[in-house]
**Q** 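Below you will find the structure I want to go over with you.
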Amino acid sequence: MSQLNPSEKREEGLNFDAVVVGAGFGGLYSVHKLRNELGLTVRAFDNGSDVGGTWYWNRYPGALSDTESYIYRYSFDKDLLKDWTWKENYLTQPEILAYLSHVAERFDLRRSYQFNTKVIATHFNEEKNYWEVTTDKGETVTAKYLVTGLGLLSATNIPNFKGRETFQGEQYHTSRWPKSGVDLKGKRVGVIGTGSTGVQVIISIAPEVEHLTVFQRTPQYSVPVGKRPQSQAELAAIKENYEEIWKQVKSSSVAFGFEESTVSAVEVSKEEQERVFEEAWNKGGGFRFMFGTFGDIATNPEANEAAAEFIRKKIRQIVKNPETARKLTPSGLYAKRPLCDNGYYETFNCDNVSLVSVKENPILEITPKGVLTTDGEYELDVLIYATGFDAVDGNYTKIDIRGRDGVTMSEKWADGPVGYLGMMNTNFPNLFMILGPNGPFTNLPPSIETQVEWISDTIQYMVENDLSTIEPKQEAEDEWIETCQTISDQTLFSKGESWIFGANIPGKKNTVMFYLGGLGNYRKALEELGFKGFIFDRVAASTN
Ligand code: FAD
Ligand code: NA7
């Protein structure tokens with residue numbers, strides 16, 4: 001691609017063409033597109049000490065991606081796809097971190113980053129049409145375009161338990177796990193939280209600790225992940241067929257590498273249901289179980305109950321102690337981001353693992369010795385919070401972001417976070433969010449690539465046409481949110497309480513934070529809508 005040279009026309013006081021925040025999949029690819037391909041001047045920030053984002057922070061034992069290895073990566077560079085390889089069909093945290101580090105090296109991305117630096121404020125200067133970005137180091141830089149890849153599962157959630165500061169043992173949140181690791185051998189360890197992270201950490205540490213106490217609030221539906229080595233022949237076939245693979249992934253709904261089923265679970269016999277569920281259980285994968293078996297598990301309560309009951313039956317078969325099995329068995333909808341695991345329910349058959357239902361016996365407080373619930377005190381040496389994230393907007397509302405007329409992002413999002421096409425907001429010109437509110441709910445790297453490529457194409461268009469600002473029209477933004485709401489209302493996800501709708505954070509408004517129409521439809525929408533919903537330079541009514 002020929003390089004643009006907007007810097008020659010730089011307004012007075014402008015330091016960079018673009019500032020990028022975040023060094024995960026999103027931020028790294030943005031720096032590559034904007035700096036290496038478009039030739040813009042870019043300054044990037046991350047508060048970590050190196051690249052990786054999610055995979056820099058989440059170093060807890062057992063951390064694993066539940067997207068299969070061959071599609072938990074970038075697709076944009078054929079040589080990168082050919083060169084970088086893997087051993088098993090799922091990637092552990094160190095492997096993903098090594099991959100992203102390699103990407104940074106390969107495309108020389110680190111030189112644009114200032115690490116260990118948090119962006120604390122960013123204000124749009126309406127006179128100059130640029131963003132003033134202030135960091136916790138006291139520096140302010142200006143840039144015409146601001147691209148934020150702050151991460152949708154990145155702002156740590158630690159519940160405000162009474163007495164947390166009094167605990168005399170060690171305590172860690174899984175997403176702030178020390179780089180040097182934690183020695184858990186022979187210790188009494190407690191884990192609060194049994195989401196995807198809790199499940200992984202519980203399985204991983206049970207064999208080494210003296211005793212593990214799991215504090216579970218809501219029981220989970222989880223299916224086997226199906227982790228196994230990947231043969232040379234399989235790897236060669238994948239690499240040979242990558243073009244087709246990415247085509248399929250990007251036109252599918254959840255982008256997990258399988259065809260979503262269109263068969264209704266309620267229109268087949270019980271025997272056929274059982275056969276299909278059993279096959280998926282043996283093959284592995286949470287998204288495959290929910291979306292690859294039947295087409296209506298996430299939409300039809302009867303189909304949902306069939307899948308849920310299949311998993312409940314498995315739990316009863318696996319877990320030997322009937323009381324533990326009872327506590328582990330969920331009763332409600334199967335309608336959260338689907339989990340998969342490497343022996344979760346089996347772990348509760350180990351003599352050194354015990355389960356406390358904090359729904360039945362709530363946590364009263366954290367004491368100097370451990371956790372006090374209504375049925376007694378559990379003494380611990382180490383307490384692990386696997387309590388998740390203030391998802392989607394959590395990192396945005398921590399920054400003092402001000403758009404036109406000094407309006408803050410928190411004010412703009414008072415009724416819940418929104419984003420036109422998951423990327424932009426009215427009155428916040430030239431601020432492009434990667435995985436912002438109302439973006440696709442999928443295997444994320446292909447969605448991240450889709451958005452970064454759209455952002456980069458849009459910036460290129462603006463530079464080539466000498467346009468100074470872009471922002472969505474209010475009616476376009478409203479329509480997009482309505483579309484997201486309509487789709488969400490057709491699913492059961494909106495009824496399953498989880499981070500997907502902000503239901504995991506006390507006091508957070510429960511709103512539709514995703515476009516649940518699938519990546520294929522999202523990509524079509526981007527193409528069909530073009531720039532129709534945008535205002536350029538504010539004064540122009542519209543372009544295209
Ligand atoms: P992130 O990787 O979260 O990076 C954001 C970066 O921005 C972070 O380094 C953060 O420190 C930095 N940042 C934020 N605010 C500021 C600020 N104010 N100043 C400076 N820096 C800032 N997705 C899948 O598709 N499949 C999976 O299997 C999967 N597994 C996951 C497992 C775990 C444990 C977690 C937590 C998430 C998982 N995800 C998975 C989601 C994962 O977050 C995405 O796949 C992807 O890594 C997101 O990349 P990102 O660049 O958008 O954000
Ligand atoms: P999740 O899925 O939000 O899970 C958090 C867990 O912590 C879940 O079991 C919660 O119970 C529990 N939790 C949260 N607050 C409390 C309090 N106050 N008391 C007891 N238990 C609590 O986060 P994860 O990190 O596991 O996974 C997030 C995503 O990251 C995941 O979907 C993957 O995409 C990767 P609850 O279910 O709310 O009752």
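For ligands, and for the atoms within them, numbers begin at 1 and follow the listed sequence. Given the structure is predicted, the values throughout are model-derived calculations rather than measurements. One-based numbering along the sequence shown.
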**Q** Test the Arg337-Trp499 pair against the cation-pi criterion, namely NZ or CZ under 6.0 angstrom from the six-membered ring centroid and within 45° of the ring axis.
**A**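 No cation-pi geometry.
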
**Q** Any luck finding a side-chain donor-acceptor pair between Thr134 and Thr140 under 3.5 Å?
**A**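 The criterion, which ignores hydrogens and geometry beyond distance, is satisfied for Thr140 and Thr134.
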
**Q** For ligand 1, is there an N or O atom under 3.5 Å from any N or O atom of Leu435?
**A**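 In fact, backbone or side chain, Leu435 has no N or O that close.
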
**Q** Any atom of ligand 1 sitting under 4.0 Å from a heavy atom of Thr117?
**A**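 Contact present.
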
**Q** Short N/O distance, under 3.5 Å, between Ile448 and ligand 1?
**A**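 No.
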
**Q** Checking the N or O distance criterion of under 3.5 Å, is ligand 1 in contact with Lys118?
**A**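 So ligand 1 has no N or O lying under 3.5 Å from an N or O of Lys118.
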
**Q** Between the side chains of Tyr90 and Ser65, is a donor N or O closer than 3.5 angstrom to an acceptor N or O?
**A**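 There is no such pair between these side chains.
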
**Q** Any N or O of Val119 that comes nearer than 3.5 Å to an N or O of ligand 1?
**A**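 Checking ligand 1 against Val119, an N or O pair does fall under 3.5 Å apart.
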
**Q** Restricting to ring-ring contact (aromatic ring centres under 6.0 Å, His included), what partner residues turn up for Phe124, sequence neighbours left out?
**A**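 If we apply the ring-ring contact (aromatic ring centres under 6.0 Å, His included) test to Phe124, skipping adjacent residues, the hits are Trp131.
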
**Q** Whether Arg288 engages the ring of Phe256 as a cation-pi pair (distance to the six-membered ring centre under 6.0 angstrom, angle to the ring normal within 45°) should be assessed.
**A**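 Because its charged atom misses either the 6.0 Å distance or the 45° angle limit, Arg288 does not stack over Phe256.
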
**Q** For Ile434, is at least one N or O under 3.5 Å away from an N or O on ligand 1?
**A**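 No.
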
**Q** For atom 33 (C) of ligand 1, tell me which residue out of Asp50, Thr54, Val51 has the closest non-hydrogen atom.
**A**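 Considering heavy atoms of Asp50, Thr54, Val51, the nearest to atom 33 (C) of ligand 1 sits in Thr54.
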
**Q** Say whether Tyr72, considering both its backbone and side-chain N or O atoms, lies within less than 3.5 Å of an N or O atom on ligand 1.
**A**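 The answer is yes, given that Tyr72 and ligand 1 share an N or O pair closer than 3.5 Å.
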
**Q** Looking at ligand 2, is there an atom of it that comes within less than 4.0 Å of some heavy atom belonging to Tyr385?
**A**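 The answer is no, since Tyr385 has no heavy atom less than 4.0 Å from ligand 2.
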
**Q** Lys359 versus ligand 2: do any nitrogen or oxygen atoms come within less than 3.5 Å of each other?
**A**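 In this structure, Lys359 places no N or O atom under 3.5 Å from an N or O of ligand 2.
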
**Q** Looking only at N/O atoms, are Asn47 and ligand 1 under 3.5 Å apart anywhere?
**A**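 For ligand 1, there is an N or O atom that lies under 3.5 Å from one belonging to Asn47.
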
**Q** Among residues at least two apart in sequence or on other chains, which ones pass salt bridge (Lys or Arg N to Asp or Glu O under 4.0 Å) with Asp375?
**A**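 Here no residue qualifies.
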
**Q** For the residue pair Arg59 and Tyr56, would you count it as a cation-pi contact if the rule is NZ or CZ under 6.0 angstrom from the ring centre and within 45 degrees of the ring axis?
**A**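 Yes.
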
**Q** If I apply the N/O under 3.5 Å rule, does Asn58 come out as touching ligand 1?
**A**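 Among all N and O atoms of Asn58, none is under 3.5 Å from an N or O of ligand 1.
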
